[in-house]
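Below is one structure, written out as structure tokens; the observations come after it.
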Protein chains: 2
Amino acid sequence: MTAIGFEKHDHSHCIADALSAAETRCKAQKLQFTPARRRVLEILLERHRAMGAYEILDILAAEGLGSQPPVAYRALDFLVKNGFAHRIERLNAYAACTHPGEQHVPAFLICRSCKAVAETETGLDSGRLGAAARDTGFVIEKVVVEAEGLCPGCAEAAA
Amino acid sequence: MTAIGFEKHDHSHCIADALSAAETRCKAQKLQFTPARRRVLEILLERHRAMGAYEILDILAAEGLGSQPPVAYRALDFLVKNGFAHRIERLNAYAACTHPGEQHVPAFLICRSCKAVAETETGLDSGRLGAAARDTGFVIEKVVVEAEGLCPGCAEAAA
DNA sequence: CATCACATGTTATAAGATAACGTTCGAGGC
DNA sequence: GCCTCGAACGTTATCTTATAACATGTGATG
Ligand SMILES: [Zn+2]
Ligand SMILES: [Zn+2]
Ligand SMILES: [Zn+2]
Ligand SMILES: [Zn+2]
């Protein structure tokens with residue numbers, strides 16, 4: 001039982017499921033799901049939270065999968081580029097995507113107290129931002145939407 | 001004439017206006033608008049774009065206003081905390097607020113080609129994100145909305 | 001087997017940010 | 001006038017995050 005998107009759930013299987021789904025998709029798209037890449041995704045899925053590159057690197061190093069920064073950054077670049085994980089700008093951290101494969105614009109709810117991160121989604125033309133872009137002629141290619149605040153649990157504890 | 005929000009305008013006066021407005025507000029709110037803080041805001045207004053802390057520090061250093069990182073970071077912290085400037089997560093950079101004093105949630109349009117940054121605004125409950133937060137009981141305190149793409153000028157040049 | 005693309009190993013360094021500690025200086029109380 | 005306090009500042013050192021650059025391995029293709 002781990003907090004995911006602020007809800008509890010038994011996810012003894014969902015790591016394996018997500019990994020095998022990733023494996024399948026990599027095969028289909030001729031992407032190389034190498035041991036380091038696979039292990040980094042697995043780490044993100046296990047922890048089910050945002051993790052810094054160096055935090056991940058520490059784990060890889062302890063397991064003999066490499067000890068230099070590029071090892072972690074290369075794996076993360078691969079995962080992010082191919083939609084298996086997201087970078088969370090606000091935290092300089094990374095988290096496994098909760099609905100990989102589907103085309104989507106992720107948005108995050110970040111608890112400033114317990115550091116939990118939930119992924120939800122938004123549109124590329126997120127409300128007024130899209131309107132502003134259309135007004136000015138700006139062509140949006142990517143949108144970062146990250147909210148910071150208190151998750152249900154921490155909000156209750158604080159009240 | 002400088003690009004502001006992707007439009008051209010003569011802003012020979014707007015720097016001075018913004019500075020005196022800041023001065024007035026600081027006086028009213030008993031905030032100390034010290035030389036370093038004032039100069040950093042002025043630098044951001046002059047350049048009218050997002051600038052890194054070290055880029056600003058270089059200028060301060062050349063002018064004898066201090067040469068160590070905390071000098072720049074302290075001034076920027078003050079400006080951001082009090083709404084005179086914004087931090088742009090995606091760029092690890094800072095920009096003067098284009099409508100200080102007014103309570104608002106800034107959103108940015110960032111040109112990946114020419115690096116221009118335009119500030120617009122959005123709501124705290126930005127569309128689907130707000131809905132997701134309400135569904136889960138998450139309490140949003142702050143929202144980061146940053147879009148990356150091509151400004152009108154660069155989009156045209158690329159077409 | 002030659003070649004090419006891609007992944008990896010490794011070293012070094014760049015870029016961004018903060019911790020910590022002492023000093024200065026002005027406003028408000030005595 | 002003097003004391004005291006807090007906010008700002010000066011300075012040193014260090015920490016975190018990220019990338020440049022170059023050498024090496026390896027599997028697919030023709
Ligand atoms: Zn996702
Ligand atoms: Zn929480
Ligand atoms: Zn603003
Ligand atoms: Zn542009």
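Side-chain atoms are counted along with the backbone in the values below, which use heavy atoms only and exclude waters and symmetry mates. In what follows, chains carry the letters A, B, and so on, assigned in the order in which the sequence lines appear, proteins first and then strands, with residues in each chain numbered from 1.
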**Item:** CD-CD distance between A:Glu121 and A:Gln103, expressed to the nearest 0.5 angstrom
**Value:** 10.0 Å

**Message:** Exactly one of B:Leu44, B:Ile43, B:Leu45 should register a side chain to side chain contact (heavy atoms under 4.5 Å, CB included) with B:Arg47. Which one does?
**Reply:** B:Ile43

**Item:** Base versus backbone protein contacts along nucleotides 24-30 of chain D [heavy-atom cut-off under 4.0 Å; B, S, -]
**Value:** -------

**Asked** Side chains of A:Glu89 and B:Glu146: closer than 4.5 Å at any heavy-atom pair?
**Response** no

**Gap between atoms CG and C1', on B:Leu60 and D:dG10 respectively (whole Å)** = 14 Å

**Other residues, nucleotides, ligands: >12 heavy atoms within 6.0 Å of A:Glu141 CD** = yes

**Fill in**
Here the residues of residues 20-38 of chain A within 4.0 Å heavy-atom distance, strictly under, of DNA chain D are none

**Message:** Please identify the 5'-most and 3'-most nucleotides of DNA chain C with any atom under 4.0 angstrom from a heavy atom of chain B.
**Reply:** C:dG16 to C:dA20

**Item:** Those residues of residues 61-84 of chain B lying under 4.0 Å from DNA chain D by at least one heavy atom
**Value:** B:Gln68, B:Pro70, B:Arg74

**Item:** Qualifying side-chain hydrogen bond (donor to acceptor under 3.5 Å, both in side chains) pairs with a residue from residues 19-33 of chain A, counting only residues at least two apart or across chains
**Value:** A:Glu23-A:Arg38, A:Arg25-A:Gln29

**Request:** Please work out which of the three classes, parallel, tilted or perpendicular, describes the rings of B:Phe33 and B:Phe84, given edges at 30° and 60°.
**Result:** tilted

**Message:** Looking at every non-hydrogen atom in both residues, tell me the closest pair between A:Ser113 and A:Cys154 and how far apart they are.
**Reply:** OG-SG, 3.5 Å

**Message:** Looking at A:His104 and A:Glu102, would you say the former's side chain and the latter's main chain have a donor-acceptor pair under 3.5 Å?
**Reply:** yes

**Asked** Applying the side chain to side chain contact (heavy atoms under 4.5 Å, CB included) test to A:Leu65, which of A:Leu57, A:Val71, A:Leu60 qualifies?
**Response** A:Leu60

**Distance in angstrom units between B:Arg39 CZ and D:dC9 C1', rounded** = 19 Å

**Item:** Atom-to-atom span, CG of A:Asn92 to C1' of D:dA18 - whole angstrom
**Value:** 9 Å

**Item:** A:Glu119 side-chain N/O to A:Phe108 backbone N/O, donor-acceptor pair under 3.5 Å
**Value:** no

**Fill in**
Here the pair of heavy atoms bringing B:Cys151 nearest to B:Cys114 is SG-SG, 3.7 Å

**Asked** If you find the nucleotide of DNA chain C closest to A:Tyr54 and the one closest to B:Tyr94, which residue's nucleotide is nearer the 5' end?
**Response** A:Tyr54

**Heavy-atom check, side chain of B:Tyr73 versus side chain of B:Tyr94, under 4.5 Å** = yes

**Asked** Expressed in angstrom and rounded to an integer, what is the separation of A:Asp58 atom CG from D:dT16 atom P?
**Response** 10 Å

**Asked** Should side-chain heavy atoms under 4.5 Å link Ile, Leu, Val, Met, Phe, Trp and Tyr, which residues sit in the same cluster as A:Val139?
**Response** B:Leu150

